[in-house]
Amino acid sequence: MRSAASRTVLALLALGFTGSTGFADVTVSFVEGAPKDRFTISNTDACPLAATDIEIDLSGSAAGLVFDVTSNGAGVEVFQPFELIAGSSAVVEQPTVRDGDQQLMLRLNELSDQQPVSFTIDVDDTVSARQITVSGSEIAGAQFTIQSAMGTKTGTFGPDAQATVAISGCNS
């Protein structure tokens, strides 16, 4: 026969109140668009993250990708500056991106599962003949790094133009 305390613990476990450490999966996806390319940062779990820095680093990409934000410089033809299109309340300040940069840092005050952060910018490749169009395979090898109170993790973009990391240490 179980004690009242044992029955209470079992009841709480059955209801999902474990208080266990969980994971927040963070995904960064890239979508080629004309004239603007889009990055979306999503927390795909119910574990919110606070005070998070996200760095997108194109330097390891298969096609030598760069940000093309002005009419003169490293990019070709059409250019588009950084423009935040979703999740502005989560962004501490907009990053400074210079033409030809390969890194971009976003400082977030939070990253909840309810609100992704999304921005547009022009990305060009520096290797192929069609530099203004970036396919998923061309961003493969680029990385994003997330730094929060729960640690630092790095994800690598695959040919599907997505990268995901699991951040442990939150209570779910």
Side-chain angles (χ1 to χ4, degrees), residues 12-13 15-33 36-69 80-125 134-172:
L12 288 173
L13 288 173
L15 290 173
F17 295 111
T18 62
S20 64
T21 300
F23 293 88
D25 290 338
V26 177
T27 298
V28 177
S29 59
F30 171 79
V31 176
E32 163 66 33
K36 298 178 180 184
D37 303 318
R38 184 178 70 236
F39 285 90
T40 301
I41 303 162
S42 303
N43 179 346
T44 57
D45 204 341
C47 183
L49 297 172
T52 302
D53 291 343
I54 306 270
E55 180 184 61
I56 296 175
D57 184 355
L58 303 176
S59 65
S61 64
L65 301 180
V66 296
F67 294 112
D68 181 16
V69 297
Q80 295 295 326
F82 176 93
E83 181 182 358
L84 194 57
I85 58 170
S88 61
S89 64
V91 178
V92 175
E93 65 182 88
Q94 293 208 19
T96 300
V97 184
R98 292 183 312 267
D99 199 67
D101 279 355
Q102 291 187 297
Q103 288 88 22
L104 179 152
M105 173 70 79
L106 273 177
R107 295 190 179 276
L108 308 177
N109 56 30
E110 65 179 344
L111 184 59
S112 77
D113 63 327
Q114 304 298 314
Q115 179 63 55
V117 174
S118 190
F119 63 90
T120 58
I121 195 166
D122 186 30
V123 177
D124 289 344
D125 77 61
V134 176
S135 70
S137 62
E138 291 177 313
I139 198 169
Q143 296 185 320
F144 88 93
T145 301
I146 182 168
Q147 185 174 4
S148 71
M150 292 179 238
T152 301
K153 297 280 185 165
T154 299
T156 302
F157 285 87
D160 63 350
Q162 290 191 10
T164 300
V165 297
I167 306 293
S168 65
C170 62
N171 290 324
S172 57

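Since the model is a prediction, treat every value here as computed from it, not as a measurement. Numbers here are sequence positions counted from 1.
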Tell me, do Phe39 and Val28 make a side-chain contact under 4.5 Å, heavy atoms counted? yes

Would you check if there is a donor-acceptor pair between the side chains of Gln143 and Thr156 at a distance under 3.5 Å? yes

To the nearest 0.5 Å, what is the distance between CD (Gln94) and CG (Leu104)? 10.0 Å

Hey, could you give me the CD/OG distance between Gln114 and Ser42, rounded to the nearest 0.5 Å? 12.0 Å

Return yes if some donor-acceptor pair links the side-chain N/O of Asp125 with the main-chain N/O of Ala62 below 3.5 Å, else return no. no

Between the main-chain N or O of Thr44 and the side-chain N or O of Asp25, is there a donor-acceptor pair closer than 3.5 Å? no

Non-hydrogen atoms of Asn109 and Ser89 that approach each other most closely: ND2-O, 3.2 Å

Compare all side-chain heavy atoms of Thr120 with those of Gln80 and state whether any distance is below 4.5 angstrom. no

Show the atom names and distances, to 0.1 Å, of all donor-acceptor pairs under 3.5 Å that link a side chain in residues 46-58 to residues at least two apart or in another chain.
unit_1: Thr52; atom_1: OG1; unit_2: Ala50; atom_2: O; d: 3.2
unit_1: Asp53; atom_1: OD1; unit_2: Arg107; atom_2: NH1; d: 3.2
unit_1: Asp53; atom_1: OD2; unit_2: Arg107; atom_2: NH1; d: 2.7
unit_1: Asp57; atom_1: OD1; unit_2: Ser59; atom_2: N; d: 2.9
unit_1: Asp57; atom_1: OD1; unit_2: Ser59; atom_2: OG; d: 2.7
unit_1: Asp57; atom_1: OD1; unit_2: Gln103; atom_2: NE2; d: 2.9
unit_1: Asp57; atom_1: OD2; unit_2: Ser59; atom_2: OG; d: 3.4

Where Ile85 and Arg38 come nearest, the two heavy atoms and their spacing: CD1-CD, 3.7 Å

Is there a side-chain contact between Leu106 and Phe82, using heavy atoms and a 4.5 Å cut-off? yes

Look at the side chain of Asp37 and the backbone N and O of Val123, then say whether any donor-acceptor pair between them is shorter than 3.5 Å. yes

Using a 4.5 Å cut-off on heavy atoms from C-beta on, say whether the side chain of Val117 contacts that of Leu84. yes

Full working for side chain to side chain contact (heavy atoms under 4.5 Å, CB included) between Asp99 and Asp68: CA-CA 5 Å; Asp99 199 67; Asp68 181 16; 3.0 Å; yes

